[in-house]
2 protein chains.
Amino acid sequence: MEAGRLFAAQGYDRTSVAEVAKAVGTSPASVFYYFEDKASLFRAVFERDLPAAEALIARHVEAPDPVTAILDVLDALARDAADPSASGMLIELLRRAGDDPELLAVVGRTANVLREGLAALISRGITEGAIDPDLDATETAAWLQAIVDATYLNARPGHSPHIELHRTVLGYLNPPQGRQEEPNG
Amino acid sequence: MEAGRLFAAQGYDRTSVAEVAKAVGTSPASVFYYFEDKASLFRAVFERDLPAAEALIARHVEAPDPVTAILDVLDALARDAADPSASGMLIELLRRAGDDPELLAVVGRTANVLREGLAALISRGITEGAIDPDLDATETAAWLQAIVDATYLNARPGHSPHIELHRTVLGYLNPPQGRQEEPNG
DNA sequence: GTCTATACTCGGATAGAC
DNA sequence: GTCTATCCGAGTATAGAC
């Protein structure tokens, strides 16, 4: 999707359909033949995220160690955070989601899949004694998603967010004394 | 600043100068008499943030307990995070900063003041043994700022991020075993 | 200093030929 | 299905009266 790069680099409003058409080697009219309007062209960029999110969760939900699985999922979500244009895309997404209810629904579905998957892993971590039982699984999952967003905001070329991300997540999930070796009596 | 509310609610591009003029009870021409162009009108909203940031840091930099001071500063910065329009404003800011170098400079100065203030508190916390000495003060300060920004992006009306924020920061800063009572031999 | 009126540009979307 | 040509609205910024 070439349009995605342009939207990320320049923003939605400052990227004309003519520009996108040119980048793809066609005319504006042809773009409007395939997409109802400019908004739906933008949405298309995010529609591929849902199956990717489902696959990601499916790949980790049965992992032996839930905490490791959580870190792996978050790493995957933060993978693009080193790319500064990915940060631009996140911002455009947040911005457009307020104006385009259909876009909100699209990204909402993806976010729900991720949140529920993470929440399931958190619940299991609590059961196994590796995660503080005082935490609410769903609320915590939402917070971890926000932390991933923070890695995008902190994006600097060449700087990998993995270290901060891991330390942050482990520090947040761990039971008070950092103790995690006693499932139950 | 009435313009700020409109920019926050609708975004920069979707807010016309005519709209701002109407809200203030004047004409577009008068707005352009006081502001060079639309971009400088937007910048004006953020110019007041620098003195506020300086005052905030000055108020806490000498506090007896650096970790408490850090939490207080971050709480102040995250105070508006429950207000969805503040979230909109941050998004517009991030978005516009990429297009307007002068705006980038304006907010850069404010961010630097905050980062340096936080870094000073972190350094002191390390010296006093309350914060993990393996952390780099400046990098950590930048990361904490990113986490605060993330609380804005994740804003839900009525939900204050204080609890998550505190737990996250304490979990991140604490020395490995949660031990913090031995400054040095 | 503030207004009305408007010049000018740009971009989304469409018409209609091929 | 893809093109060229174009309509149309919107919005920044300015001219010039008062």
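Reminder, nothing fancy here: chain letters follow the sequence lines and each chain counts from 1.
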Evaluate the salt bridge (Lys or Arg N to Asp or Glu O under 4.0 Å) criterion for residues B:Arg95 and B:Asp99: first the C-alpha distance (whole Å), next the side-chain angles of each, then the deciding distance (0.1 Å), finally the verdict.
CA-CA 7 Å; B:Arg95 169 86 165 55; B:Asp99 294 337; 3.4 Å; yes
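- Mapping A:Thr15 and A:Ala29 onto DNA chain C by nearest heavy atom places A:Thr15 closer to the 5' end of the strand.
- Counting heavy-atom neighbours within 6.0 Å of A:Arg156 CZ, excluding the residue itself, gives a total above 12.
- One interatomic measurement links the two molecules: CZ of A:Phe35 to P of C:dG12, which rounds to 14 Å at whole-angstrom precision.
- Going from atom NZ of B:Lys22 over to atom P of C:dC3 covers 14 Å, rounded to whole Å.
- Of the candidate nucleotides C:dA13, D:dA13, C:dG12, C:dG12 has the atom nearest to the side chain of A:Val17.
- Rounded to a whole Å, the OH atom of A:Tyr12 is 19 Å from the P atom of C:dC10.
- Nucleotide D:dT12 holds its C1' atom 15 Å from the CG atom of A:Asp13, rounded to whole Å.
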Would B:Leu153 and A:Leu153 count as a side-chain contact (heavy atoms from CB on, under 4.5 Å) if you check the C-alpha gap in whole Å, the side-chain angles of each, and the deciding distance to 0.1 Å?
CA-CA 10 Å; B:Leu153 300 187; A:Leu153 296 182; 3.7 Å; yes
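- Following rounding to the nearest Å, B:Arg14 (CZ) and D:dG11 (P) show an atom-to-atom distance of 9 Å.
- Rounded to a whole Å, the CD atom of A:Glu36 is 13 Å from the C1' atom of C:dG12.
- As judged by a 4.0 angstrom heavy-atom cut-off over every strand, A:Ser27 is placed among the base-contacting residues.
- Checking B:Gly25 against A:Glu19, the closest nucleotide of DNA chain C that is more toward the 5' end is the one next to B:Gly25.
- In this structure, B:Ile163 is not a member of the same hydrophobic cluster as B:Leu77, with clusters built from ILVMFWY side-chain heavy atoms closer than 4.5 Å.
- Judged by distance alone, the side chains of A:Arg109 and A:Asn112 never bring a donor and an acceptor atom under 3.5 Å apart.
- Atom pair B:Lys38:NZ and D:dG11:P shows a separation of 8 Å (rounding to whole Å applied).
- When the side-chain nitrogen and oxygen atoms of A:Thr26 are compared with OP1 and OP2 of D:dT2, none of them lie within a distance under 4.0 Å.
- In terms of phosphate contacts, A:Tyr34 brings a side-chain nitrogen or oxygen within less than 4.0 Å of OP1 or OP2 of D:dT2.
- OP1 or OP2 of C:dC3 lies within a sub-4.0 Å distance of a side-chain N or O belonging to B:Ser30.
- Following rounding to the nearest Å, B:Phe32 (CZ) and C:dT6 (C1') show an atom-to-atom distance of 14 Å.
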